Amino acid sequence: MVEIELDGQKVEVAEGCMVMHAAEKAGTYIPHFCYHKKLSIAANCRMCLVDVEKAPKPMPACATPVTQGMIVRTKSDKAIKAQQSVMEFLLINHPLDCPICDQGGECQLQDLAVGYGGSSSRYEEEKRVVFQKDVGPLISMQEMSRCIHCTRCVRFGQEVAGVMELGMIHRGEHSEITTVVGDTIDSELSGNMIDICPVGALTSKPFRYSARTWELSRRRSVSPHDSTGANLIVQVKNHKVMRVVPFENEAVNECWIADRDRFSYESLNSDERLTEPMLKQGGVWKTVDWQTALEYVANGLKNIKADHGANSIGALVSPHSTLEELYLASALVRGLGSDSIDYRLRNAEFAAPEGIRWLGTSIASLSTLQRVLVVGSNLRKDHPLFALRVRLAVRHGAQLSVVDSSVGDWAMPIKHQLLQNASQWVQALGSIASAIAQEKNVAAPQGAAEASEASLAIARSLLGGERKAVLLGNAAAHHGQATALLALANWIGEQTGATVGYLTEAANTVGAQFAGAHPVGSGLNAGQMLAGGLKAVLLLNTEPAFDAANGAQASAAIGQAQMVVTLSPFKANMDISDVLLPIAPFTETSGSFVNAEGRLQSFHAVVRPLGDTRPAWKVLRVLANVLGVPGFDFETSQDVLARATKAPAGQLAMLAAEQLSNAVGHPPAAGAASVAEPAVASIYQLDGLVRRATSLQLTADARMAAGEGVAA
């Protein structure tokens with residue numbers, strides 16, 4: 001540790017730290033633009049100049065290492081005058097368009113100009129102009145004349161997103177940030193550039209000119225998309241969601257969010273929202289009141305149960321639904337006497353798990369791994385924020401190995417890869433297991449394939465280092481031999497000292513298991529239900545045409561049921577449903593999600609429900625009351641959570657370690673199942689919200705998935 005004196009206060013920091021880090025520890029603010037705690041040091045804005053004793057001139061706090069006994073003054077005349085001079089230069093060319101700038105009210109330059117700017121300018125020459133650029137549907141670069149060349153956006157692309165999509169060209173006052181050859185910005189994390197831009201050069205294209213920052217209310221929430229459970233600030237005006245930005249949580253999403261977390265709010269205000277209950281009568285949809293709709297559903301379920309038995313009734317539920325909704329859906333179906341409920345619509349194998357499948361380690365630990373084996377995942381697109389952490393680990397020397405059918409641009413170096421068709425993944429992992437056995441001189445798992453050069457390289461990599469993980473992706477979870485893959489992954493983990501876990505597909509995949517949203521007895525699994533095994537189907541937040549492994553076939557089979565009830569925020573499944581019940585999306589209801597590491601995060605509604613929309617937990621509770629199912633006497637979602645977790649609401653932060661398990665009791669024999677290519681949703685087709693977000697559907701990733709273009 002090194003001790004310095006900062007504005008008369010003694011501060012101890014680690015050797016190699018900068019003066020800026022010492023100031024942060026001491027709680028002293030030093031004005032800055034280019035410095036960002038998550039990015040490398042550029043020292044090009046010079047706003048953080050401070051007075052260091054015995055130094056001949058002011059020194060940049062962000063790039064000056066501390067030394068023992070150093071004396072630093074941040075508020076001396078020398079420091080203040082240096083900062084004022086820098087501000088004068090920054091404002092020489094800056095356009096005077098604050099009244100129309102979207103950054104107004106949350107602009108670092110605007111804030112610091114108040115304290116360090118002059119009352120008038122000595123500059124009389126013509127200001128420079130930087131021409132606007134069109135870089136895609138998410139980021140606006142219409143006013144690049146505002147840019148102060150802090151290069152935060154450039155460094156973010158290089159260091160965090162892994163793709164250098166922006167760079168600086170020319171020199172001096174002719175410098176400008178651009179995509180150089182007129183490309184679009186296509187990173188799945190691109191919206192973070194808007195947050196870190198300290199001026200109004202990069203702004204949100206969907207949000208542009210729609211509200212002022214001081215008009216917005218800020219409310220915390222949790223992302224309903226992938227399994228990170230990113231913490232959000234949802235900004236609201238007149239009971240309408242206007243913008244979504246990250247809420248910093250180092251243990252989960254740090255200070256970043258993916259573009260689908262940021263821009264999917266567009267669907268909340270779309271024309272496809274379902275705002276009133278609807279019944280199909282004679283092939284024509286008619287709007288009805290809630291009582292009529294619920295009585296119709298209850299009578300239909302009673303008649304079908306009487307005619308065909310309780311097991312002819314089932315529910316297909318979404319792992320993007322809240323824990324409370326999934327718990328009540330499970331309780332309702334079982335209260336009717338059926339065990340047919342499932343969230344695994346894209347799975348090909350439905351073996352009963354030993355415990356709740358999860359990540360196997362903490363999310364934060366992904367940043368410090370030294371060896372990683374990823375099986376069956378397009379990590380960058382399936383889990384952008386997990387990829388961000390693995391990318392950081394790789395930058396610090398971690399070795400990344402991959403087993404998959406193909407590997408796209410992961411925006412990070414892959415040390416070893418074993419590419420096989422999905423039907424050969426069990427043999428591929430068996431080959432790696434044989435290689436490990438060969439290296440350690442132990443017995444290989446029974447039936448394991450012979451080691452190859454590629455598997456030997458992966459084995460040697462995994463046997464090195466200290467902190468290691470084997471991560472099974474969405475394709476591995478949905479694989480026809482998922483249990484065999486997990487069993488081999490567990491053997492590899494035991495022999496190499498690596499943790500083993502699933503990346504898990506959705507915001508509440510772990511929560512769905514915890515809530516019991518899968519058959520535990522004689523009930524039908526999702527595969528059987530999607531093949532047409534039911535007479536009455538409840539679809540909670542699901543669209544079989546998009547969410548099932550074989551969408552068209554599954555949708556047609558579900559449509560053959562006597563009664564199909566869709567609970568959705570959108571006008572979904574209209575071709576196969578008999579009843580549509582409008583339920584609230586995550587912004588209009590309270591609830592909880594359990595992320596990949598087993599972290600339970602609760603949130604409140606940020607706006608009131610649209611039209612006659614009702615929270616799904618209330619709809620399920622009232623439907624159970626109408627059906628006469630006992631035990632549905634809940635007043636609040638917190639009551640439901642307390643029942644589901646068997647703990648007072650808010651008391652359970654993490655699922656118990658004994659509940660989380662990736663163990664396999666009796667794995668099936670390798671090659672026992674016929675294997676098709678696993679069903680995996682593309683980045684902007686994952687759930688109903690992103691599918692209806694206009695700007696996200698205009699991105700290169702969405703167009704490539706639709707066969708219209710090529711993604712980055």
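All values derive from a computational prediction rather than experimental measurement.
- Here the rule is side-chain hydrogen bond (donor to acceptor under 3.5 Å, both in side chains) with Ser223, and of Asn595, Thr228, Asp261 only Asp261 fits it.
- Within a 6.0 Å radius of CD in Glu125, other residues, nucleotides and ligands contribute more than 12 heavy atoms.
- Paired with Gln110 under the rule side chain to side chain contact (heavy atoms under 4.5 Å, CB included), one option of Cys101, Cys98, Pro198 passes, and it is Cys98.
- Between Ser270 and Arg692, the side chains place no donor N or O within less than 3.5 Å of an acceptor N or O (distance only, hydrogens not considered).
- Of the residues Arg262, Lys38, Arg243, the one that meets the salt bridge (Lys or Arg N to Asp or Glu O under 4.0 Å) test with Asp195 is Arg262.
- Environment of CZ in Arg208: crowded, with over 12 heavy atoms of neighbouring residues, nucleotides or ligands closer than 6.0 Å.
- Val374 places a side-chain heavy atom less than 4.5 Å from the side chain of Trp410.
- Tyr29 and His32 have tilted rings, their planes meeting at an angle from 30° to 60° on a 0 to 90° scale.
- Taking a 6.0 Å sphere around CD of Gln68, one finds it holds more than 12 heavy atoms contributed by other residues, nucleotides or ligands.
- Considering only residues two or more places apart in sequence or on other chains, Asn231 meets the side chain to side chain donor-acceptor pair (under 3.5 Å) condition with Arg220, Asn249, Gln601.
- No side-chain heavy atom of Val19 sits less than 4.5 Å from a side-chain heavy atom of Met59.
- For Phe156, the ring-ring contact (aromatic ring centres under 6.0 Å, His included) criterion is met by Trp256, not counting sequence neighbours.
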- Message: Pair Thr203, Asp102 - check side-chain hydrogen bond (donor to acceptor under 3.5 Å, both in side chains), show working.
- Response: CA-CA 7 Å; Thr203 53; Asp102 255 11; 4.9 Å; no
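- A donor atom on one side chain and an acceptor atom on the other are found under 3.5 Å apart for Arg155 and Thr151.
- Annotation: side chain of Cys153 is in contact with side chain of Ile177 (closest heavy-atom distance under 4.5 Å).
- Ser227 and Thr504 share a donor-acceptor pair across their side chains, judged by distance under 3.5 Å alone.
- In this model, a donor atom of one side chain and an acceptor atom of the other lie less than 3.5 Å apart for Arg218 and Thr213.
- Judged by distance alone, the side chains of Thr184 and Asp186 do bring a donor and an acceptor atom under 3.5 Å apart.
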